[in-house]
Amino acid sequence: MKQHLQTLFEHAFDQLKQQGIIPQDAQVTIYLERTKDPKHGDFACNLAMMLAKHAKRKPTEIAQQLIQCLPTSIHVAKAEIAGPGFINIFLASEAYHSVIESILREKENYGKSQMEQNQSVLIEFVSANPTGPLHIGHGRGAAYGAALANLLQIAGYRVHKEYYVNDAGRQMDILATSIWLRYLDLCGVEITFPVNGYKGDYIWDIAATLHRDNGNTFFHETETIFQDIPSDEPQGGDKETHVDALIARCKQLLGDGYSSVFALGVNTILEDIRQDLEQFGVVYDEWFSEQGLVEHQTVQYAIEQLQQAGYTYTQEGALWFRSSDFEDEKDRVLVRENGQITYFASDIAYHLNKLERGFDKLIDIWGADHHGYVPRVKASIKALGADENRLTIQLVQFATLYRGKEKLAMSTRSGEFVTLRELRQEVGKDAARFFYIQRKSEQHLDFDLELAKSQTSDNPVYYIQYAHARIASVLRQLEEKQQAWTFDNADLKTLTNEHEQALLKTLARYPETVESAAQSYAPHQIAHYLRDLAQDFHVYYNAHTFLVDDESLRNARLSLITAVQQVLRNGLGIIGVSAPDVM
RNA sequence: GUGCCCGUAGUUCAGCCCGGAUAGAACGUUGGCCUCCGGAGCCAAAGGUCACAGGUUCAAAUCCUGUCGGGCACGCCA
């Protein structure tokens with residue numbers, strides 16, 4: 001509808017140009033907006049005001065000319081000038097009747113767009129290191145990423161969802177070593193656990209499994225383990241040196257056994273994460289392994305590409321990437337003095353790999369604390385000769401948990417963070433998904449557990465779901481009366497009261513909302529829309545009875561609310577919230 | 001210190017990309033509505049220097065500059 005109107009205005013615009021009222025070279029984008037006030041009709045256009053300067057005439061005068069040149073359309077009832085020069089469009093009511101038909105015909109496809117039909121996009125999100133369970137910060141990334149993926153899919157993209165598994169590198173070695181040390185403790189060995197080790201209870205669980213399956217296979221005496229190991233921080237040493245030495249000792253003593261401890265750790269935690277996300281309604285097309293990159297020499301290949309392009313140099317034994325050539329504030333290390341590649345190097349390789357897989361667009365979703373990392377990754381894309389605009393990095397702010405007024409302290413360091421699983425268990429999947437998504441992603445989020453759990457109108461999730469369930473209930477009532485309804489026998493012209501008009505208008509707004517949300521990567525717009533739609537429905541419900549005796553009216557109303565139910569379901573589907581028939 | 005993000009009713013937030021009509025919701029507060037398809041609902045009222053100061057414009061919450069407040073990031077960590 002919006003597009004239809006746009007075409008009408010473009011036509012009028014051209015006419016005015018031909019008549020010489022406005023200069024030929026005047027370039028203006030025509031915007032149509034939904035009006036806030038029904039008195040202003042359905043759509044408003046400010047084109048006349050935009051042109052006032054070009055034409056050196058009053059906006060109202062130009063508006064008058066534009067309206068005269070506006071082609072007639074069966075959808076438009078009237079166009080009038082209002083305020084400082086707006087052209088308000090009033091749609092013919094038939095235009096809205098076709099909305100119901102479209103919804104009932106297209107069902108779950110209502111709102112789908114063909115906009116980006118041949119575009120493919122790879123969206124990577126969460127990608128938390130498999131060193132422990134997901135926490136509530138990851139939860140927001142998961143909810144946002146999954147919703148964005150759905151959104152882009154109905155905008156017409158071919159969407160590939162991917163989780164990058166950091167299963168190589170030092171952190172993983174620390175994990176394996178932590179498990180081994182806990183295992184030794186279970187064997188009765190006296191252990192001083194390193195400050196830098198992973199201290200969560202889940203490490204004990206994995207160690208217990210290791211002990212159960214392998215007995216004392218990996219056992220060594222305290223003296224052997226700690227011999228010549230530099231002291232840890234509390235003993236006046238350096239915690240990094242200490243833990244690195246322990247890793248080396250672990251590898252040395254376990255030999256081939258090291259890889260099985262390592263694998264047990266990664267696999268256990270990864271499987272836990274996978275299940276956690278699945279129960280959160282988030283599933284991936286691919287779990288992309290960093291180890292795979294290393295094994296396939298992709299990191300080496302990426303570094304060579306940079307070297308050949310002349311963007312690297314050696315200094316103090318390390319290999320550097322000259323990222324400052326590309327608006328990064330300083331150069332970055334790719335290969336450390338000790339020969340180990342940095343996280344950044346494998347990240348470059350990963351992005352190169354993504355680019356080479358041929359996606360039109362790459363979207364990375366990161367926690368906002370990584371924003372300082374953006375320039376160097378963009379720099380690497382440019383250095384590799386790719387168009388940096390193929391990559392979009394969306395930053396997601398962390399969430400702060402509240403229980404009513406009380407702010408919940410959260411410390412990742414001590415391992416006392418609230419996990420995503422705990423959050424789900426407390427408030428449920430639906431509330432969690434909705435609360436995560438209802439704010440702009442780059443906005444800090446206050447997540448109130450009490451509110452999310454409350455089953456009252458305070459809670460927008462229940463408000464929306466209740467609208468859906470109420471409609472289901474009405475349809476059940478109809479069934480109990482041994483009646484049925486058909487769209488064919490519905491007289492949509494009977495839908496004349498203000499509540500029905502409002503509802504029709506909101507329903508018609510859905511495709512535009514989806515399109516806009518997809519364009520700006522903003523699924524929160526869907527949440528807001530659904531709230532509006534549910535509200536329009538509840539108001540209608542309270543004001544009118546649907547199951548009336550007049551058959552054509554009854555069918556019309558049931559067509560309308562069935563359409564509402566469909567759109568609620570579609571919208572909730574995008575943000576990953578269920579649409580229950582019974583609450 | 002440098003860079004990025006944020007500052008809109010008592011509270012939590014839309015709106016800012018693309019400047020336009022009286023700045024919208026929700027919660028909370030106050031007062032109403034169940035012989036009625038689910039009251040997990042509805043109606044009404046009160047509540048705003050859009051952080052502040054300049055600038056651009058016929059027109060600024062929206063664009064530009066500065067200031068002040070809050071958050072985050074600034075490793076041969078990941």
Side-chain angles (χ1 to χ4, degrees), chain A residues 28-31 33 35-37 39-40 44 46 49-50 52-53 58-59 82-86 88 128-129 131 166 168-172 174 196 240 315-320 329-330 332-347 367-375 395 397-398 400 402 405 438-440 442-448 451 454-463 465-467 469-478 480-481 516 519-520 522 524-525 527-528 531-532 534-535 537-548 557-558 561 582-583:
Chain A
V28 181
T29 317
I30 298 171
Y31 287 109
E33 348 173 279
T35 56
K36 291 171 217 157
D37 187 337
K39 285 200 287 284
H40 298 141
N46 67 351
M49 289 183 285
M50 308 278 286
K53 202 171 294 174
K58 285 185 198 160
F86 287 101
N88 289 335
N129 288 350
T131 53
N166 287 113
R170 182 163 168 267
Q171 292 304 316
M172 299 311 299
I174 296 179
N196 246 5
E240 308 289 350
Q315 187 181 315
E316 291 168 24
L319 184 70
W320 294 72
E329 54 189 12
K330 53 171 290 204
R332 311 289 171 177
V333 170
L334 297 170
V335 183
R336 294 204 272 161
E337 196 182 359
N338 64 10
Q340 285 188 329
I341 57 158
T342 59
Y343 174 88
F344 179 45
S346 56
D347 225 21
D369 53 337
H370 286 77
H371 73 257
Y373 204 72
V374 175
L395 298 175
Q397 289 285 350
F398 281 122
T400 314
Y402 285 82
K405 293 280 173 212
Q438 71 174 333
R439 301 291 177 233
K440 242 187 346 213
E442 59 267 37
Q443 188 84 257
H444 286 276
L445 172 71
D446 285 341
F447 196 126
D448 184 351
L451 181 59
S454 79
Q455 308 209 340
T456 65
S457 59
D458 310 2
N459 189 337
V461 191
Y462 285 91
Y463 187 82
Q465 288 183 322
Y466 182 42
R470 254 186 164 174
I471 295 166
S473 175
V474 171
L475 297 174
R476 279 196 299 272
Q477 287 283 329
L478 184 77
E480 277 167 28
K481 289 184 179 176
S516 149
Q519 260 165 6
S520 42
H524 73 274
Q525 292 179 7
H528 285 276
R531 227 253 152 224
D532 289 346
Q535 173 158 272
F537 170 75
H538 285 306
V539 172
Y540 182 39
Y541 181 96
N542 261 61
H544 300 279
T545 307
F546 310 141
L547 302 177
V548 292
R557 288 184 171 172
L558 291 172
I561 66 168
V582 181
M583 307 269 308

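Just so we're on the same page: letters track the sequence lines, and every chain starts at 1.
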S.K.: With both distances under 3.5 angstrom, what nucleotide forms a Watson-Crick or G-U wobble pair with B/G31?
M.R.: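 Paired with B/C43.
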S.K.: Are A/H40 and the base of B/A21 stacked, counting only ring centres nearer than 5.5 Å and planes tilted under 30°?
M.R.: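 Here A/H40 meets both the 5.5 Å and the 30° conditions.
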S.K.: Let's test your reading of the model: under 3.5 Å, does the base of B/C74 pair with the side chain of A/E329 as donor and acceptor?
M.R.: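 No.
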S.K.: Would you say A/R170 and A/I174 make side-chain contact, with heavy atoms under 4.5 Å?
M.R.: yes
S.K.: Between atom NE2 in A/H524 and atom P in B/C13, what is the gap in whole Å?
M.R.: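 The distance from NE2 of A/H524 to P of B/C13 comes to 12 Å, rounded to the nearest Å.
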S.K.: Got A/P84 and A/M49 here, is their nearest side-chain heavy-atom distance under 4.5 Å?
M.R.: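 Yes, close enough: below the 4.5 Å cut-off.
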S.K.: Syn or anti for B/C34, given that syn means the glycosidic angle lies within 90° of 0?
M.R.: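 Syn conformation here, the glycosidic angle of B/C34 being no more than 90° from 0.
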S.K.: Sticking with atom C1', work out how far B/G69 lies from B/A26, rounded to a whole angstrom.
M.R.: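 26 Å, rounded to whole Å.
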S.K.: Please name the nucleotide paired to B/C13 by Watson-Crick or G-U wobble geometry with both distances under 3.5 Å, or report none.
M.R.: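 Across any shown strand, B/C13 pairs with B/G24.
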S.K.: Do the rings of A/Y373 and A/H370 sit parallel, tilted or perpendicular, given the 30° and 60° boundaries?
M.R.: perpendicular
S.K.: Kindly say if A/R332 contacts the phosphate of B/G75, meaning a side-chain N or O under 4.0 Å from OP1 or OP2.
M.R.: no
S.K.: Using a cut-off of less than 4.0 Å, is there contact between a side-chain N or O of A/Y31 and OP1 or OP2 of B/C17?
M.R.: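 No, A/Y31 has no side-chain N/O under 4.0 Å of OP1/OP2 on B/C17.
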S.K.: With centres under 5.5 Å and planes under 30°, do A/F86 and B/A21 count as stacked?
M.R.: yes
S.K.: So, under a plain 3.5 Å distance rule, would you say the side chain of A/D532 forms a donor-acceptor pair with the base of B/A26?
M.R.: no
S.K.: Name the closest nucleotide to the A/N46 side chain, picking from B/G20, B/G41, B/A40.
M.R.: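 Nucleotide nearest to A/N46's side chain: B/G20.
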S.K.: When you compare the ring of A/Y541 with the six-membered ring of B/C42's base, are the centres less than 5.5 Å apart and the planes under 30° from each other?
M.R.: no
S.K.: Establish whether the base of B/G3 is bridged to the side chain of A/H371 by a donor-acceptor pair shorter than 3.5 Å.
M.R.: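 Yes, the side chain and the base share a sub-3.5 Å donor-acceptor pair.
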S.K.: Measuring only the P atom in each nucleotide, how far is B/U2 from B/A9? A whole number of Å is fine.
M.R.: 29 Å
S.K.: Counting just side-chain N and O atoms, does A/Q477 come under 4.0 Å of either OP1 or OP2 of B/G38?
M.R.: yes
S.K.: Output the rounded distance in Å from NZ (A/K440) to C1' (B/C13).
M.R.: 9 Å
S.K.: Can you tell me if A/Q525 touches the phosphate of B/A14, counting only side-chain N or O atoms and a distance under 4.0 Å to OP1 or OP2?
M.R.: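 Looking at the OP1 and OP2 atoms of B/A14, neither is under 4.0 Å from any side-chain N or O of A/Q525.
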S.K.: Under 4.0 Å: is that the gap between some side-chain N or O of A/K330 and OP1 or OP2 of B/G75?
M.R.: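 Answer is no, no contact under 4.0 Å.
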